Amino acid sequence: MSAATIFIVSLVLSLVLGFTTKVNTGWYAMAFAFINGVFIYDFSVKEIAAMWPIYLFLMLFIIALFAISNGTLLKVSELLIYKSRNHPAFLPIVLFLICVFFAGTGAGAPAVFAFLSPVIMAVAIRSQISRVLAVILILTGATIGSQLPFSVGGIVVKQVAENVGYAGEGTSIAINVWINCLITMTIFFLLAYFVLKGYKTPKVEMNKPEPFTKLQKRNLIIIALVMGAIIIPALLKTLFPSIAVFAHIANFCDATVCCAIGIILCSLCKVGKEAEAIHKIPFGIIIMISAMGMLIQIAIDGGLVDMLSGWVSANVNSTLAPYILTLASMVMSFFSASLGVVIPTLSLLVPSLATATGLAPMLLFAMVSVPCLYTGCSPFSTAGGMALAGLDDDAERDKLFKKLLVLPFICAIYIWTCVALGVFRVWI
């Protein structure tokens with residue numbers, strides 16, 4: 001049996017078993033990684049265990065811990081909503097920007113779906129904002145923030161790009177993916193804003209939030225320091241590539257290091273409760289991403305990439321490649337996680353597609369990474385599911401459920417339109 005067949009069977013079984021048994025897909029992926037590695041590829045158990053992506057796991061864990069420990073961000077969201085109450089037409093835009101900000105602090109889209117979805121759906125009910133528009137602004141805002149190079153989605157893209165052969169280019173690829181995500185999702189949100197009449201939002205009545213406490217103000221300062229420590233050195237390294245000291249500082253000021261220091265500062269200043277934050281970390285998602293990385297690495301070492309390269313070279317041309325990639329990305333994400341499964345799996349095709357079609361790897365990574373994020377609006381995905389959970393009325397929930405079944409198909413048409421118009425491109 002070929003490496004590709006073994007991998008596909010293992011992947012499908014992991015997804016099916018995870019769905020039917022309600023057990024994290026990552027545990028099945030890890031089990032298949034050990035089974036395939038020992039009995040098919042003749043690796044030792046220690047060699048397989050060493051394929052666990054420890055850097056990626058550590059990065060996701062620390063950044064999530066820092067973001068979740070900062071409960072002050074919810075207070076910021078409430079304050080921004082209150083400030084915009086006299087300009088109701090801008091309320092959907094404010095909510096969109098809140099999602100961008102919250103996810104961009106390193107929390108990522110899953111944290112926004114979990115913590116902000118109930119708040120935003122409650123605001124949508126009170127202000128009579130279209131529930132579909134609420135789902136779209138949550139999805140697009142959270143995804144844009146999450147795909148920043150120092151947030152969860154951007155980190156996954158960077159790591160995956162480097163793992164498939166683009167060492168040293170991971171940051172540039174992640175930035176280009178983010179720019180494509182920013183442009184396409186902002187346009188999609190604005191289209192929804194006008195089509196669903198977000199500009200006709202009536203005034204919302206709400207009580208004024210309590211002022212920031214001294215501890216919360218300290219928390220905001222720590223967040224600003226951490227964000228600045230991540231962004232400024234990386235920006236200086238990009239603007240002045242010939243200055244070695246900027247490169248050394250930027251290499252040290254990795255998101256993992258800065259967030260770890262931020263956690264220490266939060267603990268010392270008594271502004272974050274470490275024990276409570278640890279209990280809220282989405283370990284299920286982190287385990288799934290890391291375990292799927294093990295399974296993929298086993299397949300790579302078993303010859304998967306070489307086999308895929310031969311098939312792609314013989315069957316795909318530069319005209320078809322963008323449409324095939326975007327379709328595969330969207331279809332796969334209906335049944336599996338974008339960050340944990342879709343992006344790592346389809347990224348294996350990028351080197352061979354770039355060679356066979358002449359398309360830039362940066363463009364191909366964007367076509368792999370961005371489309372799958374749109375199907376998060378499905379009622380079976382995290383964003384759609386959390387939005388439905390935020391509705392108490394059964395009739396309204398059922399009505400929104402039906403609309404969310406259609407929305408991913410609208411997203412697919414929109415994505416292919418973006419491909420045809422050349423919106424997906426290399427921007428840097």
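What you are looking at is a predicted structure, and each value in this text was computed from that prediction instead of being measured. The figures that follow rest on heavy atoms only: side chains count, while hydrogens, waters and symmetry mates do not. For reference, positions follow the sequence shown, starting with 1.
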Student: For residues 13-22, which residue pairs qualify under side-chain hydrogen bond (donor to acceptor under 3.5 Å, both in side chains), counting only residues two or more places apart or in two chains?
Tutor: T21-Y28
Student: What side-chain hydrogen bond (donor to acceptor under 3.5 Å, both in side chains) pairs are there with at least one residue in residues 187-197, not counting sequence neighbours?
Tutor: none
Student: Would you say CD1 of I232 has more than 12 non-hydrogen atoms from neighbouring residues, nucleotides or ligands within 6.0 angstrom?
Tutor: no
Student: Quick one: list whatever passes side chain to side chain contact (heavy atoms under 4.5 Å, CB included) with A354, sequence neighbours left out.
Tutor: Y166, P361, L364
Student: Does anything in residues 159-180 pair up under salt bridge (charged side-chain N to carboxylate O under 4.0 Å, His left out), and if so which pairs, sequence neighbours excluded?
Tutor: K158-E162
Student: Which residues pass the ring pair (Phe, Tyr, Trp, His ring centres under 6.0 Å) test with F246, sequence neighbours left out?
Tutor: F240
Student: Of all residues at least two apart in sequence or in a different chain, which pass the side-chain hydrogen bond (donor to acceptor under 3.5 Å, both in side chains) check with S347?
Tutor: none
Student: Side chain to side chain contact (heavy atoms under 4.5 Å, CB included) with V94: which residues, sequence neighbours excluded?
Tutor: L80, S84, I98
Student: Around atom OH of Y199, are there more than 12 heavy atoms of other residues, nucleotides or ligands at under 6.0 Å?
Tutor: yes
Student: I want to check something: taking the side chain as every heavy atom from C-beta on, are Q128 and T201 in contact at a cut-off of under 4.5 Å?
Tutor: no
Student: With sequence neighbours left out, what residues match W52 under ring pair (Phe, Tyr, Trp, His ring centres under 6.0 Å)?
Tutor: F57
Student: Which residues pass the ring pair (Phe, Tyr, Trp, His ring centres under 6.0 Å) test with F96, not counting sequence neighbours?
Tutor: F189
Student: Which residues pass the side chain to side chain contact (heavy atoms under 4.5 Å, CB included) test with N36, not counting sequence neighbours?
Tutor: I6, S10, F32, I40, Y41, L295, I298
Student: Could you tell me which residues satisfy side chain to side chain contact (heavy atoms under 4.5 Å, CB included) with C411, sequence neighbours excluded, listed by chain and number?
Tutor: F188, Y374, C377, L407
Student: Can you list every pair that meets side-chain hydrogen bond (donor to acceptor under 3.5 Å, both in side chains) and has a residue in residues 413-428, with sequence neighbours left out?
Tutor: N180-W427, T326-W416
